[in-house]
**Q** 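Structure provided below as structure tokens; questions to follow.
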Protein chains: 2
Amino acid sequence: MAGHTTDITDIGRESSARNRVLDTATRLFYAEGVHAVGIDRIIAEAGVAKATFYKYFPAKDELVRAYIQNQSRLGRAAIDRIGKRPARDTVLAIFDLVADAAAQPGYRGCPFLNAAAEYPDPDHPVRQAIGEHRRWKHDLLRDLLAADGNPDPNTSADILTVAGDGLLIASHLDKPANLRQLIRETILQILGPSADR
Amino acid sequence: MAGHTTDITDIGRESSARNRVLDTATRLFYAEGVHAVGIDRIIAEAGVAKATFYKYFPAKDELVRAYIQNQSRLGRAAIDRIGKRPARDTVLAIFDLVADAAAQPGYRGCPFLNAAAEYPDPDHPVRQAIGEHRRWKHDLLRDLLAADGNPDPNTSADILTVAGDGLLIASHLDKPANLRQLIRETILQILGPSADR
DNA sequence: TTTGGTGTAGACAAATCTGTCTACTAGACA
DNA sequence: TGTCTAGTAGACAGATTTGTCTACACCAAA
């Protein structure tokens, strides 16, 4: 411990080359799929040497795992930005994020679902990372439902997860006309009548 | 027209080599993903020469398109086997097929969603074929909902599609304990109270 | 000044990818 | 018998894949 030279400002800061690789991979993997993007392309667009890449990511799958964890981090940050609200409003705001994402140019559905489709083995580290994110989100919804007075928050969280995945798919593949309205109707039908009316 | 030698029994029958390729591709693409399976592997397992393969499928993407259409055909056949029932029962039976599929060994989610994840370009023929199947299923649900007396069958079909995709995802990635019950609860919540009670 | 860490540039290996092409075989039919 | 069709076997080309390795440059700290 003694003698290390890490400045206080270095805490949490990571190598700029590593960040460039991860940012480039996040962009390309999401836009074109994991298997469709090769290492050579990533290092070229990130402006990084091959040896540097393999220093930080000993194999491509480790980069894919880092990509999933990065998407998870970005997703949590988006939910954090919602701020403190009544439980039911928070749930609705979380699902509004689907519509927000779908409105972005280059939207291509859920990065976790897309990546899972490319990894058949459920024990693969990439699939494990996807499972972790899904469990986190499910449990978050469950706690919010419990705070909303839902009588069976666990089952309702299952149903909300189903709805969330379906909405991410629909907003990508079907592009329904009134997505925000479809989201509201779907979620309110699942949440049931609110306590205050 | 005159002079062709096709026997009456040949109508609808296709080359056995072609069928072997398509069956093998259907099995491998579903189990491992489209980009993960190469032509060499398919022709080896189908027991077909490379020249024969390229005679029937001038490019891999055409095989992928045929794979999607084959899955569509299989899906329609499964729904046909349900037989004639009251509209609401038919809808519930269609969604029971999700639980049936999820109980099969080697279940890996929805072939259409998995394939769509690997084709970013929505104008690609493979994506077009996926869109065709999705529109067919959506319209089938819409007509059944209309027959069930649903006041807004189109919107309800949108919601049922969302639920169906979400259930296919959940049954694959989350493997919830009581899938059949989750399906019933989700669908009945969307369909609303039945007319006869 | 020397040493260690971080990074670049790129050759290289070995495998795999799609797609083309040649040469051959077996059966059906005229 | 001769011809046409379907199919087999496999070499080949050219590109692309992941991953390793060598040689060099720069900077900061001891």
Side-chain angles (χ1 to χ4, degrees), chain A residues 1-25 28-29 32-67 115 118-121 124-126, chain B residues 2-10 12-25 28-29 32-67 115 118-121 124-126:
Chain A
M1 300 291 178
H4 76 87
T5 60
T6 307
D7 190 292
I8 184 74
T9 59
D10 276 346
I11 289 178
R13 190 173 346 136
E14 281 164 26
S15 147
S16 121
R18 186 184 187 279
N19 281 341
R20 246 152 50 221
V21 168
L22 187 50
D23 289 349
T24 306
L28 293 179
F29 284 162
E32 305 184 21
V34 171
H35 288 148
V37 177
I39 301 291
D40 281 350
R41 172 112 178 270
I42 291 170
I43 64 169
E45 297 205 16
V48 153
K50 207 163 198 180
T52 306
F53 170 86
Y54 276 100
K55 179 188 169 193
Y56 289 111
F57 305 100
K60 184 185 179 181
D61 278 351
E62 305 223 14
L63 172 64
V64 179
R65 199 170 114 86
Y67 155 67
E118 295 199 61
Y119 284 85
D121 177 8
H124 193 287
V126 171
Chain B
H4 75 89
T5 60
T6 308
D7 189 291
I8 183 77
T9 60
D10 276 347
R13 186 158 9 120
E14 281 165 24
S15 148
S16 120
R18 186 184 187 279
N19 281 340
R20 248 151 49 221
V21 168
L22 188 50
D23 290 348
T24 305
L28 294 179
F29 283 163
E32 305 185 20
V34 171
H35 287 148
V37 176
I39 301 291
D40 283 348
R41 172 114 178 268
I42 291 170
I43 65 171
E45 296 205 18
V48 153
K50 207 163 196 177
T52 307
F53 170 87
Y54 277 100
K55 178 187 169 192
Y56 290 111
F57 304 100
K60 184 186 179 181
D61 277 351
E62 306 223 12
L63 173 63
V64 179
R65 202 170 111 88
Y67 155 67
E118 295 198 61
Y119 284 85
D121 177 8
H124 192 287
V126 170

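Just so it is clear, the values below take in all heavy atoms, side chains as well, and ignore hydrogens, waters and symmetry mates. Just so it is clear: chains get the letters A, B, ... in the order the sequence lines come, proteins before strands, and each one is counted from 1. Not measured: the values here are computed from a predicted model.
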**Q** Please check: side-chain N/O of B/K60 versus main-chain N/O of B/V34, any donor-acceptor pairing under 3.5 Å?
**A**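 Confirmed, B/K60 side chain pairs with B/V34 backbone.
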
**Q** B/I43 has an atom CD1; how far is it from atom P of C/dC17, in whole Å?
**A**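 So the two atoms are 11 Å apart, to the nearest Å.
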
**Q** Are B/S16 and B/R20 close enough that a side-chain donor and a side-chain acceptor fall under 3.5 Å?
**A**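 Present: a donor and an acceptor within the cut-off.
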
**Q** Using a 4.0 Å heavy-atom cut-off to protein, can you give one letter per nucleotide of nucleotides 15-25 of chain D, 5' to 3': B if the base is in contact, S if only the sugar-phosphate is, - if neither?
**A** ---BBBB----

**Q** NA contact type, A/F57, heavy-atom cut-off 4.0 Å: base, sugar-phosphate, or nothing?
**A**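 No contact.
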
**Q** Atom NZ of A/K55 to atom P of C/dA9: distance rounded to whole Å?
**A**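 It is 16 Å, rounded to the nearest whole Å.
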
**Q** Treating B/E118 as the side-chain partner and B/H35 as the backbone partner, does any N or O pair qualify as donor plus acceptor under 3.5 Å?
**A**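 At least one qualifying donor-acceptor pair exists.
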
**Q** Can you check the A/R20 CZ to C/dT6 P distance for me, whole Å?
**A**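 The distance from CZ of A/R20 to P of C/dT6 comes to 15 Å, rounded to the nearest Å.
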
**Q** Which heavy-atom pair separates A/A17 from A/T52 by the least distance, and what is that distance?
**A**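 So the two residues come closest at CB-CG2, 3.9 Å.
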
**Q** Could you tell me whether the phosphate oxygens of D/dA6, OP1 or OP2, come under 4.0 Å of any side-chain nitrogen or oxygen in B/T52?
**A**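 For B/T52, the contact criterion (side-chain N or O under 4.0 Å from OP1 or OP2 of D/dA6) is not met.
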
**Q** Angle between ring planes, A/Y67 versus A/F29, binned at 30° and 60°: parallel, tilted or perpendicular?
**A**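 Aromatic pair A/Y67/A/F29 classed perpendicular.
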
**Q** Nearest to the side chain of B/A49, which nucleotide is it out of D/dG7, C/dT8, D/dT8?
**A**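 Of D/dG7, C/dT8, D/dT8, D/dT8 is nearest to the side chain of B/A49.
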
**Q** The criterion is side chain to side chain donor-acceptor pair (under 3.5 Å); which residues satisfy it with A/D23, sequence neighbours excluded?
**A**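 A/D23: no side chain to side chain donor-acceptor pair (under 3.5 Å) contacts found.
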
